[in-house]
Protein chains: 2
Amino acid sequence: MSIKFAERMNKVQKSFIREILKVTENPNIISFAGGLPNPLSFPIKEVEEASIKVLNENGSDVLQYSTTEGYRPLREYIAQRYLKRFGLKVDADEILITNGSQQGLDLLGKIFLNKDDNVLIERPGYLGAIQAFSIFEPVFNSVPVNNDGVDIDLLEKSLAMNSPKLFYTVPNFQNPSGTTYSENNRKAAADILKKYDTILIEDDPYGELRFIGEDLQPIKTYLGDKSVMLGSFSKIVAPAMRLGWICAKGEIMEKLITAKQAADLHTNYYSQRVVHQFLMDNDIEDHIKKIRKLYKGQRDCMVSMIERYFPEGIKSTKPEGGMFLWVTLPEGISSLELFDLAAKENVAFVPGDPFYVNVKGSNTLRLNYTNSDEKSIEEGIKRLARAIGKL
Amino acid sequence: MSIKFAERMNKVQKSFIREILKVTENPNIISFAGGLPNPLSFPIKEVEEASIKVLNENGSDVLQYSTTEGYRPLREYIAQRYLKRFGLKVDADEILITNGSQQGLDLLGKIFLNKDDNVLIERPGYLGAIQAFSIFEPVFNSVPVNNDGVDIDLLEKSLAMNSPKLFYTVPNFQNPSGTTYSENNRKAAADILKKYDTILIEDDPYGELRFIGEDLQPIKTYLGDKSVMLGSFSKIVAPAMRLGWICAKGEIMEKLITAKQAADLHTNYYSQRVVHQFLMDNDIEDHIKKIRKLYKGQRDCMVSMIERYFPEGIKSTKPEGGMFLWVTLPEGISSLELFDLAAKENVAFVPGDPFYVNVKGSNTLRLNYTNSDEKSIEEGIKRLARAIGKL
């Protein structure tokens, strides 16, 4: 029997990172490849206390089916936090709880994208978004991300020329580049987006992890309802909980709820209740402060080790928050080639290719610093420098 | 600004049940409308113990990102259970953990269905499957389900005429009708399916809830790899955990993993660990036995109350397990009309229409008996009989 699959499945690749992570199963490898939060940041005891409490107090409710939209007090908490952090007035009805923000991307792809619709992404861009949207067979275009944000001229050109349905951005400590859009860049991008029908998808999994400088307003502040925001508890509570959200309103939210219900009825309710209880009973600001401090130390260490050990001619970003930095090798050198040399030195990273649409042999690569201690960071960067020396 | 959504969103309806459940928010209503397990069956204390144990013993692992396929020991447990219950040899690699079996339907729709592909469903059929598949814009055909299973002649006709990619069934205590396919019916269906390229989707959320008679082999037993099975912990542990699975192999499993990763990276890992720990530390057979006993009492009560109070000429099924029974009113009477009369009597059910594709004004309706105590069942059936009397 020959099995006929849907055509859409020819458009999506198995995750490159997933394949790469197999290399990192070797216990001698120092891996900067994954995108894992530091487990030291997980509130294990507090999650245990919250689990006990919700089960003791509301056991049969906590284990039952629940609403597609999500646990209302959790949605209210998220709405309140937008108000507190940014003065953004968001109603709890505008929050849909999803299985991590990755599911948000799947649902947005579902409700917006017809085959061959245009989607604009950043260059380099988050590969999870490329994967999620690919299922719906759009045509991708990309706009470069520079030091202070998206390239405004090319953004306007692409909006005018391609009329994308969606423009997907990660304006804070972008995955993969670590770049943050400046305030001016956000305003300029919003001004241009206002002129077109394109919906902005503003994905912000790392926004709370700023360890240098001040928080900036979401682009939504300048753009209003033409922005859909995505958020996540994965980096500030725990990724295993798969709790993210979409912030949208009106007809967009209605369609999202319909799609969410068809996709899985609702998000894990036990975890929603546990995380909500955790947020009620603990000082989340204090908890986030500790994560920021931890990550700043790791980021500082990696930045200074790069300065110390990498040869001239290699550029890297210095992120103000988040989990990644981005390295650019001299022109013409493929980071895939470096990956093989690095594997022999027992150090791993993610080569740049999967962060672009249709690029092979790029000279860029992503390093994660949040899941290695300082000793491993120093040793790993030394090994990487040795591998670079062999190019 | 006019927002342009994807065309697929015109094909999927907001859940009818969801709208109906709003009626049931009135606290005076006795509702047979939902599909909720009885909360008395939830192992609250045991889930608490399991939560504490996994967090104490493996806290940082339990809260971290995990693999797309799911927690391997949980997959092994599921595979072992197929062996134990049915002698079916299933490898853990053939199990993908999903956010409830509803997500299994979404993923299967994604990997198999092009627009206008044919999908064969049961008549009446599970509306969650109709919703999930609708997103991928197939053409639905349906085949009647009789007392002992699918209508074999019409099954063959539809396979020959429409070449459906998928045939979706719930052979045990079907939702909505409560029907179970007999052993002969399973064999006959398998014999016919072997002749065609159609893949069988064998959804079995209720199979463990048999309180009369003996377990029957899955159709897969007679059909081999042309069957994809779906299963769920929602009815034997707790629905809030959103833990289901797909059992498939080879290229089908590869595509499912790719689709799952794009959809949400992986299923809630904390819950996977908690449920696995629960299964390790408790006698699941004993737990299931208690649920069966509970539900048999509720089912017996509803069946005898229907016999006592309903007027002549109204047929209803007598399920051997599961959660639902199915009522057929005299020809020409719409259960929607009865719904309004029943609402005035403060009793609710789900009218038959959403369980069919393109049927309006059907004379059938679904009653759930697992979420009402015997007193409420008696009173609710009395009220329903009064409403029927007013037709």
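Chain naming here is simple, since letters A, B, ... match the order of the sequence lines and numbering starts at 1 in each.
- Ionic pairing of B:Asp117 and A:Lys4 is not present here: no N-O contact between side-chain nitrogen and carboxylate oxygen is shorter than 4.0 angstrom.
- Partners of B:Glu48 by salt bridge (charged side-chain N to carboxylate O under 4.0 Å, His left out), not counting sequence neighbours, listed by chain and number: B:Lys45.
- Each of A:Ser101, A:Gly59, A:Ser60 has some count of heavy-atom pairs under 4.5 Å with chain B, and the biggest count is that of A:Ser60.
- Proximity to chain B is absent for every atom of A:Val237, based on heavy atoms less than 4.5 angstrom apart.
- Of the two parts of B:Lys165, only the side chain, counted from C-beta on, holds a non-hydrogen atom closer than 4.5 Å to a non-hydrogen atom of chain A.
- Contacts with chain A were tallied for B:Gly244, B:Gly104, B:Ala129, B:Ser271; B:Ser271 has the most, counting heavy-atom pairs under 4.5 Å.
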Steps toward ring-ring contact (aromatic ring centres under 6.0 Å, His included) verdict (B:Tyr65, B:Tyr269): CA-CA 7 Å; B:Tyr65 281 110; B:Tyr269 187 58; over 10 Å; no
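- Atom-to-atom distance recorded for B:Phe167:CZ and B:Ile201:CD1 is 10.5 Å, nearest 0.5 angstrom.
- A tilted orientation is assigned to the rings of A:Phe140 and A:Phe133, their planes being inclined by 30° to 60°.
- Taking chain B as the reference chain and counting heavy-atom pairs below 4.5 Å, the highest number among A:Gln102, A:Gln272, A:Arg273 is found for A:Gln102.
- The residue among A:Arg8, A:Glu7, A:His266 with the most heavy atom pairs within less than 4.5 Å of chain B is A:Arg8.
- Interface remark: of the candidates B:Asn56, B:Asp61, B:Asn114, B:Asn114 forms the most heavy-atom pairs closer than 4.5 Å to chain A.
- Comparing A:Ser66, A:Pro239, A:Ala238 by heavy-atom pairs within less than 4.5 Å of chain B, the highest count is held by A:Pro239.
- Distance check: B:Leu200 CG to B:Leu193 CG gives 5.5 Å after rounding to the nearest 0.5 Å.
- Within the 4.5 angstrom heavy-atom criterion, only backbone atoms of B:Val62 (N, CA, C, O) approach chain A.
- For a residue to count as touching a neighbouring chain, one of its non-hydrogen atoms must lie under 4.5 Å from one of that chain's; by this rule B:Leu243 does not touch chain A.
- Residues A:Asp264 and A:Gln103 bring a donor and an acceptor atom of their side chains to less than 3.5 Å of each other.
- Atom CD1 in B:Ile3 sits 6.0 Å away from atom CZ in A:Phe112 (nearest 0.5 Å).
- Considering only heavy-atom pairs separated by less than 4.5 Å from chain B, the leading option among A:Pro39, A:Ala263, A:Ala132 is A:Ala263.
- Of all the listed residues (A:Leu55, A:Ile52, A:Leu63), the one sharing the greatest number of non-hydrogen pairs under 4.5 Å with chain B is A:Leu63.
- Proximity to chain A involves both the backbone and the side chain of B:Ala259, based on heavy atoms less than 4.5 angstrom apart.
- The choice from B:Asn268, B:Leu113, B:Asp106, B:Ile44 that makes the most heavy-atom pairs within less than 4.5 Å of chain A is B:Asn268.
- In this structure, B:Gln277 CD and B:Ser51 OG are separated by 9.5 Å, a value rounded to the nearest 0.5 Å.
- With sequence neighbours excluded, the residues satisfying salt bridge (charged side-chain N to carboxylate O under 4.0 Å, His left out) with A:Lys53 are A:Asp281.
- Looking at B:Thr98, there are no atoms closer than 4.5 Å to chain A (heavy atoms on both sides), in backbone or side chain.
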